[in-house]
Trainee: 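Questions regarding the structure given below will be posed in turn.
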There are 2 protein chains.
Amino acid sequence: MDDRVGKRAGYHHGDLRQAMIEAAEVVLAEKGVGGFTLRECARRAGVSPAAPAHHFGNLVGLLTAIATLGFDDLSQEMEAAVAKAGASGGNRLAAICEAYLAVALARPGRFRVAFGRLGLKNGDEDLRRAAIRAFGILVRETKLALGHEVGSDVLTRLPSSYGGDADLAEILFVWSITHGFSTMLIDGQLAPLEMQPGGRERLIALYSGRLMEMLLAAVRASAAMPLANPASHG
Amino acid sequence: MDDRVGKRAGYHHGDLRQAMIEAAEVVLAEKGVGGFTLRECARRAGVSPAAPAHHFGNLVGLLTAIATLGFDDLSQEMEAAVAKAGASGGNRLAAICEAYLAVALARPGRFRVAFGRLGLKNGDEDLRRAAIRAFGILVRETKLALGHEVGSDVLTRLPSSYGGDADLAEILFVWSITHGFSTMLIDGQLAPLEMQPGGRERLIALYSGRLMEMLLAAVRASAAMPLANPASHG
DNA sequence: ACGCCAAACTTGACGCCGTTAAGATAACGC
DNA sequence: GCGTTATCTTAACGGCGTCAAGTTTGGCGT
């Protein structure tokens, strides 16, 4: 059995960068974060342990590249979901939340690297841009659901960077639910709940169904709710 | 500089188990999941690399012990918060959600080990009990907030283990927000948002304030909402 | 067509890692 | 006080990430 990812013809691999990324995701999916090693990925790509250094610098560089792809996945799938959901506010927001979960489920390796607190390259500009863009889509859709105006720089600037966003609470609310459910599901926190009739599908249906109803209701209610005392309650 | 945790008097350490756990949490807090090694912890405890084996078996055993403490922290602090919040339904639920975040912030090392998808010991009974108990408190309080009856076995049995819980959607909703926000905050996903006036405190205040208002409103609304089609919507 | 340069990859080595086996030490029950 | 047993050390193994140095090769200028 030869499970190398991207066979090579001669001394040079041809597309080692891509092969390493694919191998890494396979390993991550198979053995989890713990069993993940650079040497193992290199082995699967049919290459020596030191070969990847030229493409990624080091292990952190590889993980950073994968994380960037993870954020790109999120942006892409969320935009696609929005396009399919049409113009109505609530459907759009629910659509991106479901897309978020779908991405996590489809590529748990990438997703975990993007969010999983393995160390990533600190100043990486590609990573930063990809993350801000994905976050920006979520910001934009939350604002649209609230019936608020959306600046043209949502996808390139953080909301806070132009001085305190009025909708930050709603944004964090939506993101927390979405991210919380997604991570718990792929990280096995909900595994005991998957052991019963319906299994994982029931949980996903619950998320796409009742949880989205609750989320939309909460956001709509928040739009009508007075801001009492915006930042001191507990 | 000597930063050993739990100095030893002679050949025997005295309480190596405790010292290792403390050292591990310090290392985890200092260097994150990536820089965490068993040898480093042993070094800080002033002990040879092989010493911990007798107490924990291996690295996974140590992590499992720490994770168990993490769940115990959650149970303890959530119960304390509930006791202080008194009898009113909404306050109690908000109180445990805030306690959840407080535990994550106070001991991010434990919290990350408990939830972070480093591998833990599979069949560990202590870990399982601790996790179910913490989850049970959340289940209990969500049901109370909904005005529903709570079985006496909430803290020892999973809701699903007695055949499909009617309040599962609300439970997952509350847990997703709480867990999502907590993990994003301690894992640095919200770091860019902390870089502005108000910083982390502002986000925490937003969580304890507006987000809790939204959460309670959503749960209350859900209690009144018809169950349309409980498990098939998207 | 040819030579050369830079990119791509290998080899070998280093120090650190987790784990194990065998031996040293000390606490404790009898 | 003595043996038993838990605790800890030492030494070693293979595997890890990374680096320096050497080898191969594609491609470009001429």
Side-chain angles (χ1 to χ4, degrees), chain A residues 4-24 26-28 30-67 113 116-122, chain B residues 4-24 26-28 30-67 113 116-122:
Chain A
R4 281 183 301 160
V5 171
K7 331 292 190 206
R8 62 198 295 190
Y11 188 96
H12 286 52
H13 182 287
D15 193 5
L16 180 55
R17 184 183 169 89
Q18 190 58 33
M20 279 296 296
I21 290 176
E22 289 176 19
V26 171
V27 173
L28 276 168
E30 275 181 15
K31 316 201 176 181
V33 175
F36 172 79
T37 69
L38 190 64
R39 281 178 119 104
E40 167 79 10
C41 298
R43 233 173 276 131
R44 300 219 187 189
V47 118
S48 83
H54 183 75
H55 297 272
F56 301 101
N58 56 16
L59 176 58
V60 171
L62 171 58
L63 292 177
T64 302
I66 294 174
V113 170
R117 203 49 168 172
L118 318 174
L120 302 182
K121 217 149 60 182
N122 247 49
Chain B
R4 283 183 298 162
V5 172
K7 330 293 190 205
R8 62 197 298 190
Y11 187 97
H12 285 54
H13 182 286
D15 193 4
L16 180 57
R17 185 183 168 87
Q18 190 58 32
M20 280 296 296
I21 290 176
E22 289 176 19
V26 171
V27 174
L28 277 168
E30 276 181 15
K31 316 201 177 181
V33 175
F36 171 79
T37 69
L38 190 62
R39 281 178 119 106
E40 167 78 9
C41 299
R43 233 173 277 132
R44 301 217 185 190
V47 119
S48 83
H54 183 74
H55 296 273
F56 301 101
N58 55 19
L59 176 60
V60 171
L62 171 58
L63 292 176
T64 303
I66 293 174
V113 170
R117 203 46 168 177
L118 318 174
L120 302 183
K121 218 150 61 183
N122 247 51

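All values below were derived from every heavy atom in this structure, side-chain atoms included, with hydrogens, water molecules and symmetry-related copies excluded. Each chain gets a letter, A, B and so on, in the order its sequence line appears, and its residues count up from 1.
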Trainee: Taking only Lys NZ, Arg NE, NH1 and NH2, and the carboxylate oxygens of Asp or Glu, determine whether Arg17(B) and Glu22(B) approach each other closer than 4.0 Å.
Mentor: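 Between Glu22(B) and Arg17(B) there is no salt bridge, as every charged N stays at least 4.0 Å from the carboxylate O atoms.
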
Trainee: For Lys121(B), does its backbone N or O pair with a side-chain atom of Thr64(B) as donor and acceptor, under 3.5 Å?
Mentor: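 Yes, the answer is positive, given that a donor and an acceptor are paired below the 3.5 Å cut-off.
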
Trainee: Any side-chain N or O of His54(A) less than 4.0 Å from the OP1 or OP2 oxygen of dT10(C)?
Mentor: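 For dT10(C), OP1/OP2 do not have a side-chain N/O of His54(A) under 4.0 Å.
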
Trainee: For the pair made of CD in Glu40(A) and P in dC16(D), what is the distance, rounded to whole Å?
Mentor: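 After rounding, the gap between these two atoms is 7 Å.
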
Trainee: Which residue, Leu63(B), Leu62(B), Val27(B), forms the side-chain contact (heavy atoms from CB on, under 4.5 Å) with Leu38(B)?
Mentor: Leu62(B)

Trainee: Base, sugar-phosphate, or nothing for Gly57(B), non-hydrogen atoms under 4.0 angstrom?
Mentor: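 Contact class for Gly57(B): none.
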
Trainee: Base, sugar-phosphate, or nothing for Gly61(B), non-hydrogen atoms under 4.0 angstrom?
Mentor: nothing

Trainee: Considering heavy-atom distances to DNA chain C, does His55(A) or Leu59(B) have its closest nucleotide positioned more toward the 5' end?
Mentor: His55(A)

Trainee: Without decimals, in angstroms, what is the distance between Leu62(A) CG and dT18(D) C1'?
Mentor: 14 Å

Trainee: When the distance from NZ of Lys31(A) to C1' of dG15(D) is rounded to whole Å, what number comes out?
Mentor: 12 Å

Trainee: dC9(C) C1' sits how many Å from Met20(A) CE, rounded?
Mentor: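 Distance, rounded to whole Å: 13 Å.
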
Trainee: So does Arg39(A) get a side-chain nitrogen or oxygen closer than 4.0 Å to the phosphate oxygens (OP1/OP2) of dC17(C)?
Mentor: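 Indeed not, no polar side-chain atom of Arg39(A) lies that close.
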
Trainee: Return yes if the base of dT7(D) and the side-chain atoms of Tyr11(B) contain a donor-acceptor N/O pair under 3.5 Å, otherwise no.
Mentor: no

Trainee: Determine: side-chain N/O of Asn58(B) to OP1/OP2 of dT19(C), distance under 4.0 Å, yes or no.
Mentor: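 Looking at the OP1 and OP2 atoms of dT19(C), one of them is under 4.0 Å from a side-chain N or O of Asn58(B).
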
Trainee: Nearest to the side chain of Arg43(A), heavy atoms from C-beta on, is which of dC16(D), dC17(C), dA26(C)?
Mentor: dC16(D)

Trainee: Given dT20(C), dC8(D), dC9(C), identify the nucleotide with an atom nearest to the side chain of His12(A).
Mentor: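 Between dT20(C), dC8(D), dC9(C), the one nearest the side chain of His12(A) would be dC9(C).
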
Trainee: To the nearest Å, give me how far apart CG (Leu38(B)) and C1' (dT19(C)) are.
Mentor: 9 Å

Trainee: Distance from Leu28(A) atom CG to Ile66(A) atom CD1, nearest 0.5 Å?
Mentor: 6.0 Å

Trainee: If you define the side chain from C-beta out and look only at heavy atoms, does anything of Lys31(A) sit under 4.5 Å from Phe36(A)?
Mentor: no

Trainee: From the options dT25(D), dA26(C), dT10(C), select the nucleotide whose nearest atom is closest to the side chain of Ala51(A).
Mentor: dT10(C)

Trainee: Rounded to the Å, how far apart are Arg17(B) CZ and dA6(D) P?
Mentor: 16 Å

Trainee: Whole-Å distance between dT10(C) C1' and Leu16(A) CG?
Mentor: 13 Å

Trainee: Counting only side-chain N and O atoms of Ser48(A), is one of them less than 4.0 Å from OP1 or OP2 of dT11(C)?
Mentor: no

Trainee: I need the NE2-P distance between His13(B) and dA27(C), as an integer number of Å.
Mentor: 14 Å

